[in-house]
Amino acid sequence: MSAPAPAFRDRVLALVARIPEGRVMTYGQLALLAGQPGAARQAGFVMNSLMGGGELPWQRVINAQGRVSTHKLGFGDMQERLLQAEGVVFDASGRCDLSRLQWWPEEAAPSAPEPLL
DNA sequence: GTCGTGACCAGGC
DNA sequence: AGCCTGGCCACGA
């Protein structure tokens, strides 16, 4: 394809759009699947650009600590509420069980022998 | 083209 | 348990 590879931003958004209800993904994970391991901050920067605007389930994106990183932005409470509405349970520390809720696309399953296409 | 910034991550105290 | 530091890479002006 002579067309340039999709921007990191679009790549992340595509992944977020595929997160099923009741599941979550971490920023580092999005960056990894987007082809830029270590670019977790950028994944967050991409979400910040959306600012909750659009049909994208940005609420399902949380940090590696299993906690929402939007508290200081002002709408973190809304994110937790939306996730709780999907069945996600947060403990007293505001953290959820990533080992159970973290979702991986089939083409990038952690157990898959092939890393990416 | 360069600089600064950020919804992070991991390690150490 | 919580708090601080350094490092990482892409996007906007």
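Every heavy atom of this structure was used, including side-chain atoms; hydrogens, water molecules and symmetry mates were not. The sequence lines fix the lettering, A, B, ..., with proteins before strands; numbering per chain opens at 1.
If you check C:dA10, B:dC9, B:dC8 against the side chain of A:Arg41, the one that comes closest is B:dC8. The side chain of A:Asn63 approaches B:dC9 more closely than any other nucleotide in the set B:dA7, B:dC9, C:dC9. You'll find that the side chain of A:Ala39 is closest to C:dC9, out of C:dG7, B:dA10, C:dC9.
Backbone-only contact: A:Arg95 has heavy atoms under 4.0 Å from sugar-phosphate atoms and none from a base. Among the atoms of the strands shown, base atoms are found under 4.0 Å from some heavy atom of A:Tyr27.
Atom-to-atom, CE of A:Met47 to C1' of B:dT5 comes out at 18 Å; the value is rounded to the nearest Å. When the P atom of B:dA7 is taken as reference, atom NE2 of A:His71 falls 14 Å away, rounded to whole Å. Computed from coordinates, the A:Gln29 CD to B:dA7 C1' distance equals 16 Å when rounded to whole Å. Between the CZ atom of A:Arg67 and the C1' atom of B:dA7 there is a distance of 12 Å, rounded to whole Å. Atom CG of A:Asp91 is separated from atom C1' of C:dG2 by 15 Å (rounded to the nearest Å). Distance, A:Asn48 CG to B:dT5 C1': 11 Å, rounded to whole Å. In this structure, A:Met25 places its CE atom 16 Å from C1' of B:dC9, rounding to the nearest Å. Atom CZ in A:Phe45 sits about 17 Å away from atom P in B:dC9, given to the nearest Å.
Follow the hydrophobic side-chain contacts under 4.5 Å out from A:Trp103 and you never reach A:Val24; the two are in separate clusters. Linking ILVMFWY residues whenever their side-chain heavy atoms come closer than 4.5 Å, directly or via other members, places A:Ile62 and A:Phe90 in the same cluster. A:Tyr27 and A:Leu13 end up in the same hydrophobic cluster when Ile, Leu, Val, Met, Phe, Trp and Tyr side chains are linked at under 4.5 Å.
Where A:Val46 and A:Gly38 each meet DNA chain C at their nearest nucleotide, the meeting point lying more 5' is that of A:Gly38. Nearer the 5' end of DNA chain C, as judged by each residue's closest nucleotide, is the contact made by A:Ser93, out of A:Ser93 and A:Asp10.
Side-chain contact between A:Ile19 and A:Val61 is present, with at least one heavy-atom pair separated by less than 4.5 Å.
Between the side chain of A:Arg9 and the base of C:dG12 there is no donor-acceptor pair of N/O atoms closer than 3.5 Å.
Note on A:Gln36: a side-chain N or O is less than 4.0 Å away from OP1 or OP2 of C:dA10.
Under a 3.5 Å cut-off, the side chain of A:Asn63 and the backbone N or O of A:Gly66 do form a donor-acceptor pair.
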